[in-house]
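Any value given below was found using the heavy atoms of this structure, including those in side chains, with hydrogens, waters and symmetry copies removed. Given the structure is predicted, the values throughout are model-derived calculations rather than measurements.
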Amino acid sequence: MEPVTITAATIATLAFTKFLESSVSKLSEKFTETAIAKMDQLRQLIWQKLRGNPRAETTLAAVEQGSKPDLERLTVYLQDAMEDDSQFAAEVETIAKEIQQEISIGAVQGKNVQNVFGGEAYQVNDSKAPVIQGGSGHTISISYNNSPD
């Protein structure tokens, strides 16, 4: 199975979603605090990489003012930066995958749902309950009583 690749467009959208949302309250309804923090981290990383390129900086500022057409332009700058610097590409892809994972976990509405992402398994028994997390080489045992009361 091939690894999941995340496009520059997806990365840019994740990084700048909070500037494209119509209100902060809608953002907090859709995303967990962890996802929002990671979005900020991703945005800062992109800013650091593109700083010094006047056109890219102008585009970044426009996107932060909510310009969707400039988001498409930013995607081109981001794609170029990712092609030129594989370490940067790997770093932003990793953060974007973590954001997508947070979004997936936060969107779980069912019971007894298990998500496996990047070799990590997450079991959610109730959408309001804590997440049970296991990783490579970990064993998770859950015991419960099935007998009637």
Query raised in the report: Going through the distances and angles, do Tyr77 and Arg55 end up as a side-chain contact (heavy atoms from CB on, under 4.5 Å)?
Result: CA-CA 9 Å; Tyr77 292 118; Arg55 286 182 168 177; 3.1 Å; yes

Requested in this report: Evaluate the side-chain proximity of Arg43 to Phe16: yes if any heavy-atom separation is below 4.5 Å, no if none is.
Outcome: yes

Query - Audit row: Asp40, Lys18, side-chain contact (heavy atoms from CB on, under 4.5 Å) steps and yes/no - result: CA-CA 9 Å; Asp40 288 338; Lys18 79 179 197 179; 2.9 Å; yes

Report summary line: Heavy atoms of Ala62 and Asp70 approach each other most closely as CB-OD2, 3.2 Å

Requested in this report: Quick one: pull up CD in Glu91 and CD in Gln41 and give me the separation to the nearest 0.5 Å.
Outcome: 7.5 Å

**Report entry** pair Met82-Phe88: side-chain heavy atoms closer than 4.5 Å
**Finding:** yes

Requested in this report: Compute whether any side-chain donor of one residue and acceptor of the other, for Gln48 and Gln44, lie under 3.5 angstrom apart.
Outcome: no

Query raised in the report: Measuring from Leu78:CG to Thr7:OG1, what's the distance to the nearest 0.5 Å?
Result: 9.0 Å

Report task. Looking only at non-hydrogen atoms, find the nearest pair between Met39 and Leu14 and report the distance. Result -> CG-O, 3.2 Å

Requested in this report: Looking only at non-hydrogen atoms, find the nearest pair between Ala35 and Ile99 and report the distance.
Outcome: O-CG1, 4.3 Å

Query raised in the report: How close do Leu60 and Trp47 get, heavy atom to heavy atom, and via which atoms?
Result: CB-CZ2, 3.4 Å

Query raised in the report: With Leu50, which of Thr59, Leu74, Leu45 fulfils side-chain contact (heavy atoms from CB on, under 4.5 Å)?
Result: Leu74

**Report entry** Side-chain touch Lys49/Val92, heavy atoms, less than 4.5 angstrom
**Finding:** no

